[in-house]
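We use all heavy atoms of the structure for the numbers below, so side chains are in, but hydrogens, waters and symmetry mates are not. Keep in mind the model is a prediction, meaning the values are calculated, not measured.
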Amino acid sequence: MFLDEDHEALEAAALTKQTLVDTQERMGMMLDLMPMGLLIHTRQGIIFGNQEAARLLQFPQNEVVGKHFLDFLSTHAEEATKQMEEAFHGRISVEPTEAEVRTATGQLRTIKLIAGALPWEGNPVVQLLLQDITDLKAIQDRLHLLAVTDELTGAFNRRHAFNIGHAMFREGKAVDGQAAVAILDADHFKRVNDTRGHSAGDAALRALTHSVQEIIALVTSCEITFARVGGEEFMILFSGAKPEAVFDVCERIRHAIEQRPVLSTAGTFRITVSIGVALRMETDTSFDVLYSNADKALYGAKSSGRNRICASVPELRSRAKRETGART
C-alpha cells in the first residue's frame, strides 16, 4: 500500500513539474508573440527578453539575459534610471521615457520605455516594455521640418521665425543690446524676374540663402535664426549677440551675396541686398516693435542707394562702423 502511495506521489510530482515546464514554455511563446519588446529585469540585470526585444537590440535572445538594459542606452539614461527605480519601488511613472539605444551592430534606435513592477516574492523584479518608434520619430521630424521651413530655399519660414522672436521676449532672452533683427531684401528683384524669368529669380533666392547659411554656420558666439519672411525678403534674428558682432555678420553676408555668381538657365548674374538692422532697446516692449524698427532701417538702406546696411538708430551704425570697419 505504501509503495503504491509513494509511486502515485512521484507520478503527481513529475506531472506537476512537467506542467510547470509546459506552462513556462507556453508563457515564453506567448511573450514572444508580443509586438512590443519585453525585458524582465532585476537590479542586477535582465533575466528574460522576448523575441521583439532581442530583435530591437539585435542580440540573440539567449545572449540578452545577463546584460543590463541601461548599458544599451546612449541618451536619457538618467530618466530611464529614475523610471526603473520607481518601478522597483512599486510606483508607475506617468510619462514613458523616450531614449536612444545602441544596438549590438552600433545602430541607434529610438524607443519608448515603460517600466512596471512585477508582484514577485523576494528579489524585486520589473518589466520593461520597449516600443520601437524610430520610424515614427523620423516621420514626425520630417513633418516638423516641412512645417517650419520654406519650400524653395530651405530657410526657416516666417511663422517659425516669428514664433522664436516672440518667445525671446516672452522668456526674457531678448536682453537689451544683445538681441537684434536684420531684414535683408534683394535689390531690384522684380527686374531679375522680368528680364531673366522666375526660374532665375528662384535660383537667386537659393544662392542668397546658401551665402547666408554658410556664414552663420561659422558663428558660435550667439544664436542665429535665418528665415524667409516674404517673396525676396529674409530675416536674421540674433540672440545673445554684441552689437559689433551683429554688424560684422551682416557685412560679411552683404559682401558674400554681392560676390556670389547666380547660375541659372538664363545665364550667370549677380545680385545685391539691402539690410536693415535693429538692436533691442529698453523701449522695445515686444518683438513686433523690434521687427518694425528693422523694417524702417531697411527702408533707409533702400532709399539711400541699396547694397548697404542701415541701422534703426544712427549712432549704433556709427559705433559698429568704428569697431568693425564694416561698409554701411
Side-chain angles (χ1 to χ4, degrees), residues 9-148:
L10 289 172
E11 285 185 342
L15 181 60
T16 300
K17 181 179 179 181
Q18 186 60 45
T19 300
L20 290 174
V21 171
D22 292 344
T23 300
Q24 185 178 18
E25 289 179 353
R26 290 192 181 97
M27 184 62 69
M29 291 172 61
M30 291 174 59
L31 295 178
D32 280 336
L33 293 175
M34 289 177 60
M36 185 178 292
L38 170 68
L39 299 175
I40 297 179
H41 212 295
T42 67
R43 290 187 184 276
Q44 290 73 36
I46 299 167
I47 60 174
F48 174 81
N50 70 353
Q51 286 184 3
E52 178 60 18
R55 184 202 65 79
L56 196 159
L57 300 174
Q58 296 182 345
F59 263 93
Q61 194 170 1
N62 62 324
E63 293 184 19
V64 170
V65 175
K67 300 188 183 301
H68 201 290
F69 173 68
L70 295 179
D71 292 337
F72 290 101
L73 291 179
S74 59
T75 64
H76 299 87
E78 185 175 342
E79 292 93 328
T81 301
K82 180 180 178 182
Q83 191 177 32
M84 288 179 64
E85 195 61 31
E86 288 179 345
F88 278 122
H89 287 88
R91 297 187 294 271
I92 299 176
S93 298
V94 177
E95 295 292 334
T97 299
E98 288 189 8
E100 286 189 337
V101 294
R102 188 174 297 278
T103 69
T105 60
Q107 184 183 17
L108 290 177
R109 306 292 294 178
T110 305
I111 58 104
K112 183 179 289 186
L113 168 69
I114 303 172
L118 288 174
W120 288 7
E121 295 283 340
N123 194 20
V125 177
V126 299
Q127 63 174 357
L128 305 180
L129 296 177
L130 313 178
Q131 182 182 3
D132 189 350
I133 58 171
T134 306
D135 295 337
L136 177 62
K137 288 292 290 184
I139 294 172
Q140 289 176 341
D141 291 344
R142 178 60 180 165
L143 290 175
H144 174 71
L145 184 64
L146 291 173
V148 301

Side-chain contact, heavy-atom cut-off 4.5 Å: [X] with [Y]?
| X | Y | answer |
| --- | --- | --- |
| Thr42 | Val125 | yes |
| Leu130 | Leu113 | yes |
| His76 | Glu98 | no |

Smallest separation among heavy atoms of [X] and [Y], with atom names:
| X | Y | answer |
| --- | --- | --- |
| Arg109 | Asp132 | NH2-OD2, 2.9 Å |
| Ile46 | Phe48 | CG2-O, 3.3 Å |
| Ala115 | Leu128 | CB-CD2, 3.6 Å |
| Ala117 | Ala87 | CB-O, 3.1 Å |
| Ala104 | Phe59 | CB-CE1, 3.4 Å |

Could you tabulate the donor-acceptor pairs under 3.5 Å formed by side-chain atoms of residues 64-71, not counting sequence neighbours?
from	atom 1	to	atom 2	distance (Å)
His68	ND1	Leu70	N	3.2
His68	NE2	Arg43	O	3.4

Inset, instruction - Take Arg142 and Ile139, measure what side-chain contact (heavy atoms from CB on, under 4.5 Å) needs, and give me the verdict at the end. - result: CA-CA 5 Å; Arg142 178 60 180 165; Ile139 294 172; 5.7 Å; no
Inset, instruction - Check for a donor-acceptor pair, side chain of Thr134 on one end and backbone N or O of Thr110 on the other, with a separation under 3.5 Å. - result: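 It does hold such a pair.
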Legend entry - Residue pair Gln83 / Thr97, side-chain donor-acceptor N/O under 3.5 Å: yes
Could you state the interatomic distance from [atom1] ([X]) to [atom2] ([Y]), rounded to the nearest 0.5 Å?
| X | Y | atom1 | atom2 | result |
| --- | --- | --- | --- | --- |
| Asn50 | Gln61 | CG | CD | 7.0 Å |
| Glu95 | Glu79 | CD | CD | 12.5 Å |
| Gln58 | Glu63 | CD | CD | 13.0 Å |
| Gln127 | His41 | CD | NE2 | 13.0 Å |

Inset, instruction - For the pair Leu57 and Thr103, evaluate side-chain contact (heavy atoms from CB on, under 4.5 Å) and give the outcome as yes or no after the intermediate values. - result: CA-CA 5 Å; Leu57 300 174; Thr103 69; 5.6 Å; no
Legend entry - Residues which pass salt bridge (charged side-chain N to carboxylate O under 4.0 Å, His left out) with Glu100, listed by chain and number, not counting sequence neighbours: none
Legend entry - With sequence neighbours excluded, residues passing salt bridge (charged side-chain N to carboxylate O under 4.0 Å, His left out) with Lys82: none
Legend entry - Option passing side-chain contact (heavy atoms from CB on, under 4.5 Å) with Leu129 (candidates Ile111, Leu38, Leu39): Leu38
